[in-house]
Amino acid sequence: MKQLIILIIALLPLCSSAQITSIEQLGKEAEKHKGVEYFNAGSFMLGMASTFAEKSQRKTFEMLDNIDMITCTNDSYTPTLERRILTIIDKVGAQFLATSEDNNSRYDVYAIKRGTTIKHLIILTRGKDGELAITAMSGTIPESRLEEISRLSPPKK
């Protein structure tokens, strides 16, 4: 029993920096629908990206452990996807940080923090044309670096 407790304590730091598994599951389920794409970049892929990124962007990639991106252009599935992600946000206890809007989209940002460090960041992007994008990032993100994080975009297919 003592060994099990020690093992659990040793694995806690790994669990705290891992992705939110319910978002990964949502992405895999959602991409079965027409007009929905899911992309995941784990720590290995992010490490590779940091190697090839511009010098100014390397630190941004290094603070991330995982990125999940779901994009939906399916008008009939968008409301369901939005309800499901808001349920996940509520269940994981993410706090609303801010809303931003430009000519094309509205961005709602949620975070799970430890002190002044963000461990998980979830960004909902609602397009004027009805599309929805979900970006979930895990890592060790200082609040002062949120602007850098916001500049990351999914890879082109």
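- Contact annotation: the side chain of Thr73 never approaches that of Thr71 to less than 4.5 Å [non-hydrogen atoms, C-beta and beyond].
- Ile85 places a side-chain heavy atom less than 4.5 Å from the side chain of Ile89.
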(message) Does Asp68 form a side chain to side chain contact (heavy atoms under 4.5 Å, CB included) with Tyr38? I'd like the steps, not just the answer.
(response) CA-CA 7 Å; Asp68 288 297; Tyr38 170 66; 2.4 Å; yes

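- With salt bridges taken as basic N to acidic carboxylate O contacts below 4.0 Å, none links Arg126 and Glu131.
- The nearest pair of heavy atoms linking Met137 to Ile123 is CE-CD1, 4.3 Å.
- Note that OG1 of Thr21 is 9.0 Å distant from CD1 of Ile88, once rounded to the nearest 0.5 Å.
- Using a 4.5 Å heavy-atom threshold, the side chains of Ile134 and Met69 count as separate.
- The shortest side-chain heavy-atom distance between Val109 and Ile122 does not fall under the 4.5 Å cut-off.
- Ile67 places none of its side-chain heavy atoms less than 4.5 Å from the side chain of Asn40.
- Residue-environment remark: NZ (Lys28) stays at or below the threshold of 12 foreign heavy atoms within 6.0 Å.
- With rounding to the nearest 0.5 angstrom, the CG atom of Leu124 is 10.0 Å from the CZ atom of Phe96.
- For the pair Thr135/Phe39, no side-chain contact is recorded, criterion being any heavy-atom separation below 4.5 Å from C-beta on.
- A pairwise comparison of heavy atoms in Gly127 and Ser105 identifies CA-OG, 3.9 Å as the closest pair.
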(request) Given side chain to side chain contact (heavy atoms under 4.5 Å, CB included), test Gln95 with Ile112 step by step and report yes or no. (result) CA-CA 6 Å; Gln95 300 172 345; Ile112 298 173; over 6 Å; no

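- Thr99 OG1 to Tyr107 OH: the interatomic distance, rounded to the nearest 0.5 Å, is 12.0 Å.
- Using a 30° and 60° split on the angle between ring planes, His33 and Tyr77 fall in the parallel class, below 30°.
- Between Ile70 and Leu81 there is a side-chain heavy-atom pair separated by less than 4.5 Å.
- We find the NE2-CZ distance between His120 and Arg114 to be 7.0 Å, quoted to the nearest 0.5 Å.
- Between Thr78 and Cys72, the shortest heavy-atom contact is OG1-SG, 3.4 Å.
- Glu101 and Lys128 get closest at one heavy-atom pair: OE2-NZ, 2.8 Å.
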